[in-house]
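Here is the structure we will look at, set down as structure tokens.
Keep in mind that this is a model prediction, so the values were computed, not measured. Numbers here simply count residues along the sequence, with the first being 1. What's counted below: heavy atoms across the whole structure, side chains too, no hydrogens, waters or symmetry copies.
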Amino acid sequence: MKTVLITGATGDVGTHLRRELAGKYRLVVSDKRNSKAQKGEKFIRADISKMSDALKITKGVDAIVHLGGYSVEGPWEGILQANIIGCYNVFEAARKNGVKRIVFPTSNHAVGFYRRDETIDHKVYPRPDGRYGVSKVFGEALGRLYTDKYGMEMFMIRIGNVNPVPIDKRRLSIWISPRDIAQLVSLGIDKPGIRFEIVYGISRNKRAWYDNSNAYRLGYQPQDDSEAWAEEVLKNEKPGGNPIAEMHQGGVFCAVEEVPNPAAPAKKAKKGKKK
Ligand code: 15L
């Protein structure tokens, strides 16, 4: 059984993957935030913006699923520490510890400024829709370097939105179910002969904006299609909205400076004020 490190393991995607991949791999899970190890897991608390922590967590593993980082558009300092420095530290620590295979969940926001009336494949030039998108393009470029220069094996998944069900019109095009993302991540861990690949992390959605033939070529067989929820989702959709967001695949990320960060610690209620 392979030993697989999942960074950013307490986040949304990490939580789905830990459940879906339990029993398939020996999981080493790490995060900046504390978490209880589940059955069969080993938890290591680590801040990947420190190289010493990155070296510690990547020791003795067979593959890395590098989810750790800032997961939405936001202030540069947070993105710089977590997604630029943190990503570099994890890739470099992997190289130093002899870990060859990295699955890197990049994002639809690396290409978010493509229009919704376009279908794009894995070969398009990046069009990030913010600082967060740029940090994902950095991870893709760093991966390419580590393949070409050091012979490491990189599987880049431009994830749409992982959720048990699609939550709005945009997500009908980019949704991926937990079991489909788990299948794609497993493919990235186990498929022999990978050098550097980019695939889209979406289910087999009828409304997809992506030509995901590269993923299919590598053996991905998604089980789900967002269309099953389309009627209900569209019924709840409000008309209007920001025209820039509506025109582009990245949605609101194309139009604002900050998107609420799901990983942010909950703000403490002000003294004297009742919740
Ligand atoms: C992402 O890249 C984010 O990590 C996630 O939180 C969602 O916002 C997703 O994109 C999305 O576009 O829905």
Side-chain angles (χ1 to χ4, degrees), residues 13 66-67 69-74 76 79-80 82-88 90-92 102-162 170-176 181 184-185 187-188 191 194-205 207-218 220 222 242-259:
V13 180
H66 177 41
L67 294 171
Y70 203 95
S71 66
V72 281
E73 181 60 341
W76 174 242
I79 289 171
L80 172 68
N83 295 14
I84 304 287
I85 297 172
C87 181
Y88 173 77
V90 170
F91 285 22
E92 179 61 7
I102 297 183
V103 176
F104 180 61
T106 154
S107 169
N108 70 91
H109 298 291
V111 288
F113 257 116
Y114 281 96
R115 290 169 56 120
R116 294 184 184 190
D117 56 11
E118 293 176 273
T119 301
I120 59 172
D121 67 10
H122 59 290
K123 292 189 187 139
V124 294
Y125 194 78
R127 290 184 74 174
D129 56 25
R131 294 169 285 268
Y132 167 66
V134 168
S135 74
K136 291 299 183 179
V137 176
F138 171 82
E140 292 182 7
L142 192 68
R144 185 77 249 192
L145 172 72
Y146 274 62
T147 294
D148 291 338
K149 198 162 184 177
Y150 306 117
M152 285 171 64
E153 301 169 344
M154 296 283 172
F155 194 75
M156 306 271 152
I157 308 175
R158 286 186 182 151
I159 298 188
N161 186 247
V162 183
R170 187 174 80 86
R171 270 60 172 244
L172 287 175
S173 298
I174 66 165
W175 175 71
I176 184 163
I181 188 69
L184 206 45
V185 166
L187 189 87
K191 177 101 183 160
I194 297 281
R195 280 184 54 74
F196 178 89
E197 298 293 346
I198 294 179
V199 299
Y200 287 93
I202 56 167
S203 286
R204 202 186 287 276
N205 304 330
R207 293 166 194 253
W209 295 317
Y210 311 127
D211 165 358
N212 211 8
S213 48
N214 199 38
Y216 298 147
R217 180 184 68 83
L218 294 164
Y220 178 45
N242 181 303
I244 301 288
E246 288 302 309
M247 186 186 294
H248 296 100
Q249 298 181 359
V252 75
F253 282 60
C254 299
V256 302
E257 297 305 314
E258 220 167 306
V259 170

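Across all their heavy atoms, Glu73 and Phe253 have their closest contact at N-CE2, 3.5 Å. Considering all non-hydrogen atoms of both residues, Pro128 and Gly133 come closest at CB-C, 3.5 Å. Across all non-hydrogen atoms, the minimal contact from His66 to Phe91 is CD2-CE1, 4.1 Å. In this structure, Val162 and Val13 approach most closely via the heavy-atom pair CG2-CG2, 3.9 Å. The shortest heavy-atom contact between Ile174 and Asn108 is CD1-ND2, 3.9 Å. Of all heavy-atom pairs spanning Tyr88 and Leu142, the tightest one is CA-CD2, 3.6 Å.
The structure places CG of Leu172 at 12.0 Å from CD1 of Ile202, a figure rounded to the nearest 0.5 Å. Here CZ of Phe196 is found 10.5 Å from CG of Leu145. Values are rounded to the nearest 0.5 Å. The structure places OH of Tyr200 at 10.0 Å from CG of Asn214, a figure rounded to the nearest 0.5 Å. Ile84 contributes atom CD1, which lies 10.0 Å from atom NZ of Lys136 (distance to the nearest 0.5 angstrom). The CD1 atom of Ile176 sits 7.5 Å away from the CD1 atom of Ile157 when rounded to the nearest 0.5 Å. Rounding to the nearest 0.5 Å gives a distance of 13.0 Å between CD1 of Ile79 and SG of Cys87.
Within the 4.5 Å cutoff, no side-chain heavy atoms of Ser173 are placed close to those of Tyr210.
Between Asp121 and Lys123, no side-chain nitrogen of the basic residue sits less than 4.0 Å from a carboxylate oxygen of the acidic one, so the salt-bridge criterion is not met.
With Arg144 contributing its side chain and Met154 its backbone, the two residues share no donor-acceptor pair below 3.5 Å. Under a 3.5 Å cut-off, the side chain of Arg116 and the backbone N or O of Trp209 do not form any donor-acceptor pair.
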- Could you go through the side chain to side chain contact (heavy atoms under 4.5 Å, CB included) check for Arg158 and Glu140 one step at a time? CA-CA 10 Å; Arg158 286 186 182 151; Glu140 292 182 7; 2.9 Å; yes

- Message: For Ser107 and Tyr132: C-alpha separation, side-chain torsions, deciding distance, then whether side chain to side chain contact (heavy atoms under 4.5 Å, CB included) applies.
- Response: CA-CA 9 Å; Ser107 169; Tyr132 167 66; 3.7 Å; yes

- Stepwise side chain to side chain contact (heavy atoms under 4.5 Å, CB included) test for Tyr220 and Lys191: CA-CA 11 Å; Tyr220 178 45; Lys191 177 101 183 160; over 6 Å; no

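Paired with Asp129 under the rule side chain to side chain donor-acceptor pair (under 3.5 Å), one option of Gln249, His248, His109 passes, and it is His109.
Among residues two or more places apart in sequence or in another chain, the side-chain hydrogen bond (donor to acceptor under 3.5 Å, both in side chains) test is passed with Arg195 by none.
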